[in-house]
Amino acid sequence: MRYEFRVTGDVSRLLSEAFPELRTEPARRETLFFGTVSDEAHLYGLLARFQDLGLRVEEMRRLPE
Amino acid sequence: MASTGHALPDTGARTTLPWSGDPLLDAKLTVPAAPRAHVARHRLLDGLSAGAAGPLTLITGPAGTGKTTLAAAWARSGGPPGPVAWLTLDMYDRTPGVFWSYVVEALRRALPRLPDGIGMPSAPGDAGTSLLTRLAAATERLPAPVVLVLDGFEKVAGRRVPAGLEFLLEHAGPLWRLVITSRVDPLLPLHRYRAEDRLTEIRGADLAFTPHEVAVLLRRHDLRPPEDVVQALTRRTEGWAAGLRLCALAMGRTDDPAAFVRSLVSSEQVVSGYLLAEVLDAQSAATTELLLRTSVLDRLHPDLANALGGGGDAEAILARLTRENAFVEPVPGTTWCRVHPLFAEVLRTQLRIRHPGLAPRLHARAARWLAGAGCVTEALEHAAQAGDWQYATWLALRQLLVGSLLATPEAERVAGAFAGMPSSVPGAEPALVAAACRLARQDRAGCRTHLAAAERARDERRPAGPHPRGTDPQPHPEVALTHALLRLLCGPGDGERGEHDGVGAHGPHRGGRGDGDVGGDGDGGDGRRLRAAEEAARAVSDLQRQLPAGLVRVHPEIEALRLHGLARAFLGAGRLGEARHLGAEAVDACTTDATLPLRHRALGLLALAESAEGALTSAEDHALRALALTEGQGVGPDQCSGAGYLALAVVVVERDEREDREAAHRRLEQALACPDVPDDPVLAAEAAVLRARLELSRGRWEAALGALPGPGAAGERWPAQRLALTRAVVALARGDHRAAIAAVHDVPADGPAPLIALAGAHLVAGRPDRARRLLDRACGSPRLSLPDRVAAQLVRAHAAVLADDRTTAQRLLVDALDAARPERLRRPFTDAGPWLRHLLGGIDGTAAAPARGAWLTARGGAALPCPVTPLSGREREVLGCVQRMMTVDEIAAELTLSVNTVKTHLRSVYRKLGVSRRRDAVERARELHVL
């Protein structure tokens, strides 16, 4: 399953590199992370990692395959 | 190396947590020290003090919002209403057994006069009640309020720990206070607690620093920026505590703090990323290298950091970072420290990018250092992350971790470390560990396969050719011990069921022995099996004596496993007396909290052996004790054994209490849900027998036969005999004595039970002399169990009835009734057939049988001695309300009692019934006919 996470603010490389399994794309005052999430455990792991790094998830959605 | 890391004062308290081996235990149970430049946040401290007037206070917020700092500051202040028991959680505490042991230990440290016996389920008199019930009862007797702080509750993921906590919140005494810090809302019914006004919450928005608090924080760092800078900083960081600390650090380093703030405020970057880069870039190359290399660790020790190639001055660097209070925090009372999770994640990523391929080598080095420092489980996990399976398996075997893997709450962690081990790792030691992992998952066949591989690898390693035997390289005693133990525990394989066994004993050639006989093959495959088991058990004993006493002492589960394995082997061979004896010894050998899972299994096995011998009261008692250990204690669902459930179902079936048939069904289903029932031939056969018995009691013969696997399906003697005899019972029930005789001829074993069954069939077939001869042989056996004795008397009584000798029949029946009465063993009477009813009921009151047989027809056990302490009238009323699904408040209103009195009654009910859940209490009460 593919997911997209919309995170507040510009995320520097130092932080985005902590998500090697996701690609990032800057948007206006936001950063998009997207990629394949292997399962539910991975999804919650990603959310915890965002929180660990002080990133705020504005929106999260599943992308059509 | 590494002496400073575990130079903690040995308080002796650690002996209650023998599986831990964790030198940082004290730190987990200590209120963390205040950080440098700590800001006392009075509005929040007051909030906590107000919250502690009620049962539960929850502090939630993302990482770095100051939850722990706040709770610790409050605990050190005069705010709490009484002593504070502190517990810092980590991800290894999510096993209930581990979690609750820590809770008990924390309480014990806070309250020197905590009632004894709470954490010691093996203490006399505590049997049958779960730790949670006892904890709840202990909180009732508190002289003054006590606060338990659970710090970092998000790390105990899953439902098992929160479920126990919910129970405790529901049933704890009025002076019990709980404070939880967590990044996520715990899985507790918070809505209900809010509605009932039992919850105080301090959430993320409350934790955010106000401009005033920001100004105080900066002043503590000798920074006095103007008001507008403080405002801008507060807005930009949204009051995020960790961010503000990083700001203070960066501002302290620069000559122009105002410029720093301006560029931070104008940046579009995420605050954390901006500040992390600022702080990391400011570090020297040596410091950065040290931080990168140690990022593979959860916590740092200067010596360990040096071992990972930090350059030799790790102590100075870590001391400086700790002093600066940026992102390295000391673990109080130790020389260890932790890196703030915000940095840890970034550092790990940077290590991967800057030094690709280095991480596994660092893990391997850390494993060796940690093993030397006595942190064996952690060492194992690092070796696993390094993919260094040779070392990991060597270490596990040398430290006797197979015992932990098979029997202790530590099992999950050890098994987790080896979960990723590929099957291609060569050598005897990896194969042994793989075998142990399979056995821990109740996969005996897989265990045997890997054991065979281990033996092949071991034999290949021995030098070939004409070396004298004595020069063979001997395996280490630890390795040999593990091997012998696994041999003992995985039992005989189906593939090993040879032609010497029962299968050959019912061929046509048996006719020569006389058609009334059963296979007297007393020492076939089963004898060999039992001898092999005894040999393996002896080897384990001998090898234990060769090991250092200290190593053996910290692994009491090895001896318990040995006894349990031997008991299981004797049960498989149908040697019930020895099985009982060894089972009881195995239970007694499980003396520590760490051996609770094994105690649970040993109690179940003991109960099963007792139920087969007809010692029903004792079987029920032991089975209930076994089950009590599964509720919120050290025994997780994956370690749960079905033996206790089966024993309870057997007790119900043997007592043939009709209205309890549902209970037997339920117990059987519960047993089948346990991983060991399908895997263990003895348990699987017992489950099939129970299913058949339950079908038979409804008169469904076909279904009963369908529930029993065909002859030869069970390899061991005892399960094969149980199945065959049940087939015979079903055949006799439908009047087919030929089929019954054929079924008994399938029985490979000796022992009186098949002879008695055969006697019954021959009697029905009109051959009373042969029946009598068989009975005489059976009754001469030293292994005559109570059900055997009763059944034999009944066959004799039946013979007397058929011979028209009613006086003798009556006398024999009375004997059988008297023998069966103490255990309320009704099943043999039900099996006996309709003639018994005539004998019992068809005679007038002058005969002794009807009077003495009154218990047989009096259904229900209410009039009989109850295995539990009787409930008081009030307790029964409260339980009645519980049965009607009423809440505590509703019960209090209904019975015009106070809520706390209702809770006291409930706790007492749980204790007496040996349960820790409402539903279980109702079920158990129904089974015991107290409702």
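Just the heavy atoms: all of them, side chains too, but no hydrogens, waters or symmetry mates, feed the values below. Chain letters run A, B, ... following the sequence lines, proteins first, then strands; residues in each count from 1. Bear in mind the structure is a predicted one, so any value in this text is a computation, not a measurement.
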Participant: What do you reckon, is CZ of R23(A) surrounded by more than 12 foreign heavy atoms closer than 6.0 Å?
Facilitator: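 Open: at most 12 neighbouring heavy atoms sit under 6.0 Å from CZ of R23(A).
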Participant: Between V346(B) and L15(A), is any pair of side-chain heavy atoms under 4.5 Å apart?
Facilitator: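 V346(B) reaches L15(A) side chain to side chain.
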Participant: Quick check: do R56(A) and V271(B) have side-chain heavy atoms less than 4.5 Å from each other?
Facilitator: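 In short, these two side chains do not touch, never coming nearer than 4.5 Å.
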Participant: Using a cut-off of under 4.5 Å for heavy-atom pairs, which of S16(A), S12(A), A48(A) has the most such pairs with chain B?
Facilitator: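 Highest number of heavy-atom pairs under 4.5 Å: S12(A).
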Participant: What heavy-atom pair brings L14(A) and L280(B) nearest, and what distance separates the two atoms?
Facilitator: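 Nearest pair, atom of L14(A) first, then L280(B): CD2-CD1, 4.2 Å.
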Participant: Closest approach of A63(B) and Q51(A), non-hydrogen atoms and distance?
Facilitator: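 A63(B) and Q51(A) have their closest heavy atoms at CB-O, 4.0 Å.
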Participant: More than 12 foreign heavy atoms under 6.0 Å from CZ of R253(B): is that the case here?
Facilitator: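 Yes, CZ of R253(B) has more than 12 neighbouring heavy atoms, counting only those of other groups under 6.0 Å.
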Participant: Does any heavy atom of chain A fall under 4.5 Å from the side chain of I353(B), the backbone, both, or neither of them?
Facilitator: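 Just its side chain gets close to chain A.
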Participant: Heavy-atom distances under 4.5 Å only: say whether Q350(B) touches chain A with side chain, backbone, both or neither.
Facilitator: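 The answer is the side chain of Q350(B).
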Participant: Considering all heavy atoms of both residues, which atom of E345(B) and which atom of L53(A) are nearest to each other, and what is their separation?
Facilitator: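 It is CB-CD2, 3.7 Å.
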Participant: Tell me which of these, E238(B), R348(B), E154(B), has more heavy-atom pairs under 4.5 Å with chain A than the rest.
Facilitator: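 Most heavy-atom pairs within the cutoff with chain A belong to E238(B).
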Participant: Please look at R352(B) and chain A and tell me whether the side chain, the backbone, both or neither of the residue comes under 4.5 angstrom of a heavy atom of that chain.
Facilitator: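 Answer is side chain: those atoms of R352(B) sit under 4.5 Å from chain A.
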Participant: Taking the side chain as every heavy atom from C-beta outward, state whether S272(B) and L55(A) have any pair of such atoms under 4.5 Å apart.
Facilitator: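 Yes; the side chains approach each other to less than 4.5 Å.
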